[in-house]
2 protein chains.
Amino acid sequence: MHHEKGLLIVLSGPSGVGKGTVRKEIFSQDDTKFEYSISMTTRKPREGEVHGMDYFFHSREEFEQLIEEEKLLEYAEYVGNYYGTPVDYVRQTMDEGKDVFLEIEVEGARQVREKFPEALFIFLAPPSLSELENRIIGRGTETKELIENRMKEARKELIMMDLYDYVVENDHVESAVQKIKSIVVAEHCKRERIQGRYKKMLEAE
Amino acid sequence: MHHEKGLLIVLSGPSGVGKGTVRKEIFSQDDTKFEYSISMTTRKPREGEVHGMDYFFHSREEFEQLIEEEKLLEYAEYVGNYYGTPVDYVRQTMDEGKDVFLEIEVEGARQVREKFPEALFIFLAPPSLSELENRIIGRGTETKELIENRMKEARKELIMMDLYDYVVENDHVESAVQKIKSIVVAEHCKRERIQGRYKKMLEAE
């Protein structure tokens with residue numbers, strides 16, 4: 001009757017951290033209850049890629065018209081092609097009470113945050129912290145440069161994290177997947193959320 | 001090296017909601033990584049109960065001395081017997097980087113909140129929300145009094161929840177247990193927590 005609006009879950013993180021692999025593993029699991037928001041792109045389909053499954057494939061003109069009409073929740077251009085998230089699917093699915101999952105670049109996440117500050121932002125981090133710890137511990141066997149480079153990277157990651165609610169280290173895909181699923185379960189148990197449902201129901205009477 | 005301090009997890013909720021059953025199920029599972037803080041009591045051991053396992057059994061004099069010495073994180077008197085949580089075990093275990101789990105009454109949770117506002121407070125609720133929804137939906141078949149009683153209870157629960165971070169409905173024990181474990185996993189992934197570890201490590205260099 002008073003169904004709760006779905007969550008918007010945003011998984012992002014530095015390039016090359018393995019966001020796509022983690023996302024694919026999440027959606028290969030039968031008990032995953034969130035809906036994957038398929039991205040739109042102007043790049044040509046690769047062999048085996050299916051429109052409406054891997055991506056929505058569109059022309060540059062169509063894509064630019066959607067930008068114009070503000071039909072994209074976020075978008076960016078990479079190597080001459082546009083990539084973006086159609087906003088209608090996201091809103092509609094959330095309104096149906098289903099959680100929507102986006103796997104996008106850091107710049108896209110920044111755009112989503114402006115439009116949906118209440119979304120759940122998860123930063124997928126390289127297993128840098130534990131690696132760095134090991135390097136510092138094993139100091140004798142590591143060059144000074146290697147440690148310093150790693151520390152420089154860690155400082156950058158530290159700043160990128162600022163906009164996120166949660167940080168999941170991608171040390172093992174399965175462990176990262178379980179953490180992400182746990183975060184979503186916990187989010188649904190937040191007191192404000194459940195209390196809100198109670199209140200609505202009692203007031204409706 | 002810079003090991004993170006453990007969490008203090010407090011499970012509470014109205015009498016009779018099944019806190020003990022949920023707690024026992026949590027600690028019967030091999031993958032549970034938190035430590036159960038055994039309560040202290042002045043009541044006599046029941047058959048089969050073991051000191052240091054089910055409870056720490058103490059005399060009234062000993063218990064009152066511990067109250068005097070502020071050695072209890074929380075305590076209360078029920079039916080002529082004291083029940084309480086020894087604070088030393090809690091602090092020491094957290095300092096070792098392990099999560100400590102308390103299963104206590106609502107009044108005890110209030111006391112803990114004053115001393116450890118940073119603890120994780122989980123309210124175990126009767127499956128009242130969905131029950132109430134069903135009753136309202138099935139209005140024709142339920143008496144007005146029954147629905148009104150349930151609504152009165154729901155209003156009380158709503159107020160009790162105020163001090164908690166999360167609410168878990170105890171509809172099925174296993175599902176409640178999984179939610180509680182997910183909340184703890186999510187808590188460890190909170191950005192502030194992980195960023196804090198990074199910062200400490202980088203500053204230490």
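Order of the sequence lines sets the chain letters (A, B, ...), proteins ahead of strands, with each chain counted from 1.
Side-chain N or O atoms of B:Gln195 include one that pairs as donor or acceptor with a backbone N or O of A:Leu158 at under 3.5 Å. The main-chain N or O of B:Tyr164 is found under 3.5 Å from a side-chain atom of A:Arg191 such that the two form a donor-acceptor pair.
Among residues two or more places apart in sequence or in another chain, the ring pair (Phe, Tyr, Trp, His ring centres under 6.0 Å) test is passed with B:Phe121 by none. Among residues two or more places apart in sequence or in another chain, the ring pair (Phe, Tyr, Trp, His ring centres under 6.0 Å) test is passed with A:Tyr75 by none. By the ring pair (Phe, Tyr, Trp, His ring centres under 6.0 Å) test, A:Phe63 is found to be paired with A:Tyr82, residues two or more places apart in sequence or in another chain being considered.
The 12-atom threshold is exceeded at CD of B:Glu49, counting heavy atoms of other residues, nucleotides or ligands nearer than 6.0 Å. The local environment of CD in A:Glu118 is crowded, with over 12 non-hydrogen atoms from other residues, nucleotides or ligands closer than 6.0 Å. Summarising the local packing, CD of B:Glu68 is surrounded by 12 or fewer heavy atoms from other residues, nucleotides or ligands at distances under 6.0 Å. For B:Glu107, the CD atom sits in a packed shell: over 12 heavy atoms of surrounding residues, nucleotides or ligands are nearer than 6.0 Å. Applying the 6.0 Å contact sphere to CG of A:Asp30 captures no more than 12 heavy atoms from other residues, nucleotides or ligands. More than 12 non-hydrogen atoms from other residues, nucleotides or ligands lie less than 6.0 angstrom from NZ of B:Lys115.
Of residues 180-188 of chain A, those residues lying under 4.5 Å from chain B by any heavy-atom pair are A:Ser182, A:Ile183, A:Val185, A:Ala186.
Ranking A:Lys179, A:Gln178, A:Arg193 against chain B, the residue ahead of the rest is A:Lys179, based on heavy-atom pairs under 4.5 Å. Options A:Glu192, A:Lys190, A:Lys199 differ in how many heavy-atom pairs under 4.5 Å they form with chain B, and the most are formed by A:Lys190.
Nearest approach of A:Val167 to B:Ile194, heavy atoms of both residues: O-CD1, 3.3 Å.
Within the 4.5 Å cutoff, no side-chain heavy atoms of B:Arg155 are placed close to those of A:Tyr198.
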